[in-house]
Colleague: 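Please read through the structure below; I'll follow up with questions.
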Amino acid sequence: MHVLILGGTTEARLLAGLLTADASPALRVTTSLAGRVAAPRRPPGEVREGGFGGAAGLAAWLTGHGVDVLVDATHPFAGEISFHAARAAASARVPVLALRRPSWSPVAGDVWHEAGSLAGAAALLPALGRRVFLTTGRTGLAAFADCRDAWFLVRSVDPPGPPHPPHLEVLLDRGPFTLDGERDLLRRHRIDVLVTKDSGGAATAPKLTAAREAGVPVVVVRRPPVPDDVPTVPDPEAAVGWILGGGR
């Protein structure tokens with residue numbers, strides 16, 4: 001059985017590790033990385049880097065490489081790739097599974113403001129604060145480029161390029177992050193508003209707890225739509241069960 005994982009996430013890496021743990025010669029695991037991060041953490045098994053050229057290119061790859069199962073374990077904000085995966089799997093007649101970490105949910109004490117986009121998040125900032133901890137990644141900074149009255153602490157894996165806000169400090173770091181570290185960061189940089197995408201998962205969740213404790217409002221960008229006809233599991237263990245026959 002050949003399993004292709006569309007990866008780049010912690011869950012994708014864990015899934016590849018679980019599938020390759022027994023080193024079964026009957027199970028071949030390939031993880032595809034989009035190449036958006038300069039030095040990605042490489043998962044166990046075979047690795048393919050770069051895009052496929054849309055749904056048609058992915059379908060051709062599935063057929064040409066004898067893929068038996070396709071797993072979409074991309075980031076919740078990868079967006080278009082999930083629709084490409086669904087169309088490609090249907091075209092190649094390959095079963096497809098989505099591995100999607102659950103969304104975050106507010107708890108007592110949270111002060112959340114939802115936004116439908118990064119531009120929507122930027123529009124909320126003037127009423128919420130002027131020292132912004134921005135954890136939405138380096139590729140969407142253009143949405144905040146006109147926020148000239150605010151100062152931004154931008155955390156990302158790789159350095160961001162222009163356009164970006166005129167007043168910013170870049171913190172190059174990669175999760176998981178600790179609660180003590182996030183508390184110190186908010187305090188040291190005098191952060192009065194946090195902006196994040198609803199990525200879900202535990203690796204970056206401590207910032208939400210730190211913001212709650214400090215009374216810092218949080219702007220949460222909602223996830224983009226995904227195909228609604230693709231079976232979904234919340235964690236790598238459930239994905240293994242599905243792949244090996246539990247759900248197919």
Side-chain angles (χ1 to χ4, degrees), residues 5-16 31-37 40-41 43 71-83 85 97-107 110-122 124-125 132-144 152-158 160 170-179 181-183 185-186 191 193-212 216-227 230 232-239:
I5 303 171
L6 303 180
T9 60
T10 299
E11 290 79 10
R13 191 168 61 254
L14 291 174
L15 175 58
T31 299
S32 174
L33 302 176
R36 294 179 180 176
V37 176
R41 293 173 176 170
V71 181
D72 173 16
T74 56
H75 191 276
F77 281 81
E80 193 174 25
I81 184 59
S82 293
F83 288 92
L97 174 71
L99 171 52
R100 304 196 198 287
R101 64 184 77 153
S103 292
W104 288 320
S105 297
V107 301
D110 282 327
V111 182
W112 284 16
H113 303 264
E114 288 195 356
S117 65
L118 292 176
L124 293 174
L125 291 181
V132 185
F133 182 24
L134 187 58
T135 65
T136 57
R138 64 186 174 89
T139 59
L141 295 187
F144 301 90
F152 290 83
L153 176 65
V154 175
R155 182 164 68 190
S156 65
V157 176
D158 294 319
V170 177
L171 175 62
L172 298 181
D173 205 354
R174 188 199 304 259
F177 303 105
T178 67
L179 179 55
E182 299 294 60
R183 287 169 174 157
L185 186 150
L186 295 184
I191 298 299
V193 59
L194 164 67
V195 180
T196 185
K197 294 176 178 178
D198 178 17
S199 300
T204 60
K207 64 190 172 188
L208 301 175
T209 302
R212 182 190 317 125
V216 170
V218 181
V219 178
V220 181
V221 181
R222 292 188 297 270
R223 294 182 177 187
V226 294
V230 173
T232 302
V233 294
D235 55 59
E237 291 77 11

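Please read these numbers as outputs of a predicted model, since none were measured by experiment.
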Colleague: Partners of K207 by side chain to side chain donor-acceptor pair (under 3.5 Å), sequence neighbours excluded?
Modeller: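 Side chain to side chain donor-acceptor pair (under 3.5 Å) check on K207 returns T135, T196.
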Colleague: If every non-hydrogen atom of L134 is compared with every non-hydrogen atom of F152, which pair is closest and at what distance?
Modeller: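 Closest heavy-atom pair between L134 and F152: CD2-CD2, 3.9 Å.
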Colleague: Just wondering, do S156 and L172 contact through their side chains at under 4.5 Å, heavy atoms?
Modeller: yes
Colleague: Main chain of A73, side chain of T9: is a donor-acceptor contact present, judged purely on distance under 3.5 Å?
Modeller: yes
Colleague: Between F144 and V132, is there a side-chain heavy-atom distance shorter than 4.5 Å?
Modeller: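 No, too far: nothing below the 4.5 Å cut-off.
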Colleague: Identify the heavy atoms of L124 and A115 that sit nearest to each other, and give their distance.
Modeller: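 Scanning both residues, the minimum pair turns out to be CD1-CB, 4.3 Å.
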Colleague: Please check: side-chain N/O of D198 versus main-chain N/O of W104, any donor-acceptor pairing under 3.5 Å?
Modeller: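 Answer holds: yes.
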Colleague: Quick check against the 3.5 Å criterion: does W112 have a side-chain atom that pairs as donor or acceptor with the backbone of V219?
Modeller: no
Colleague: Can you confirm whether R100 sits close enough to P76 that some side-chain heavy atom of one is under 4.5 Å from a side-chain heavy atom of the other?
Modeller: no
Colleague: For P102 and R223, work out which heavy atoms get closest and say how close.
Modeller: O-NH2, 3.3 Å
Colleague: In Å, rounded to the nearest 0.5 Å, how long is the span from OG1 of T232 to CG of L97?
Modeller: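 T232 OG1 to L97 CG: 7.0 Å, rounded to 0.5 Å.
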Colleague: Drop me the distance from T10's OG1 to R174's CZ, to the nearest 0.5 angstrom.
Modeller: 9.5 Å
Colleague: Between D110, V218, V111, which is the residue that forms a side chain to side chain contact (heavy atoms under 4.5 Å, CB included) with R212?
Modeller: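 Among D110, V218, V111, the one that satisfies the side chain to side chain contact (heavy atoms under 4.5 Å, CB included) with R212 is D110.
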Colleague: Would you please name every residue forming a side chain to side chain donor-acceptor pair (under 3.5 Å) with T31, sequence neighbours left out?
Modeller: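 By the side chain to side chain donor-acceptor pair (under 3.5 Å) rule, T31 matches no residue at all.
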Colleague: Quick check: do K197 and L118 have side-chain heavy atoms less than 4.5 Å from each other?
Modeller: yes
Colleague: I want to check something: taking the side chain as every heavy atom from C-beta on, are D158 and R138 in contact at a cut-off of under 4.5 Å?
Modeller: yes
Colleague: Using only atom types and a distance under 3.5 Å, with no angle test, would you say the side chain of R155 pairs donor to acceptor with the backbone of V170?
Modeller: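 No: the side chain of R155 does not pair with the backbone of V170.
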Colleague: Can you give me the closest heavy-atom contact between P43 and A16, atom names plus distance?
Modeller: CB-CB, 4.0 Å
Colleague: Taking atom CZ of R101 and atom NE2 of H75, what is their separation to the nearest 0.5 Å?
Modeller: 5.0 Å
Colleague: Is any side-chain heavy atom of F177 closer than 4.5 Å to a side-chain heavy atom of L185?
Modeller: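 Contact flag for F177/L185 side chains = no.
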Colleague: What's the verdict on side chain to side chain contact (heavy atoms under 4.5 Å, CB included) for D72 and V230, showing C-alpha distance, side-chain angles and the deciding distance?
Modeller: CA-CA 10 Å; D72 173 16; V230 173; over 6 Å; no
Colleague: Are there over 12 heavy-atom neighbours, none belonging to E237, within less than 6.0 Å of that residue's CD?
Modeller: yes
Colleague: With rounding to the nearest 0.5 angstrom, report the CD1 to CG distance, I5 to L15.
Modeller: 4.0 Å
Colleague: Go through the structure and list residues passing side chain to side chain donor-acceptor pair (under 3.5 Å) with R13, not counting sequence neighbours.
Modeller: none
Colleague: If you look at every heavy atom in L14 and P236, which pair is closest and at what distance?
Modeller: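 Looking at all heavy atoms of both residues, the shortest contact is CB-CG, 3.9 Å.
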Colleague: Where do F83 and V226 come nearest, in terms of heavy atoms and distance?
Modeller: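 Residues F83 and V226, closest heavy atoms: CZ-C, 3.6 Å.
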Colleague: Is any side-chain heavy atom of L194 closer than 4.5 Å to a side-chain heavy atom of L208?
Modeller: yes
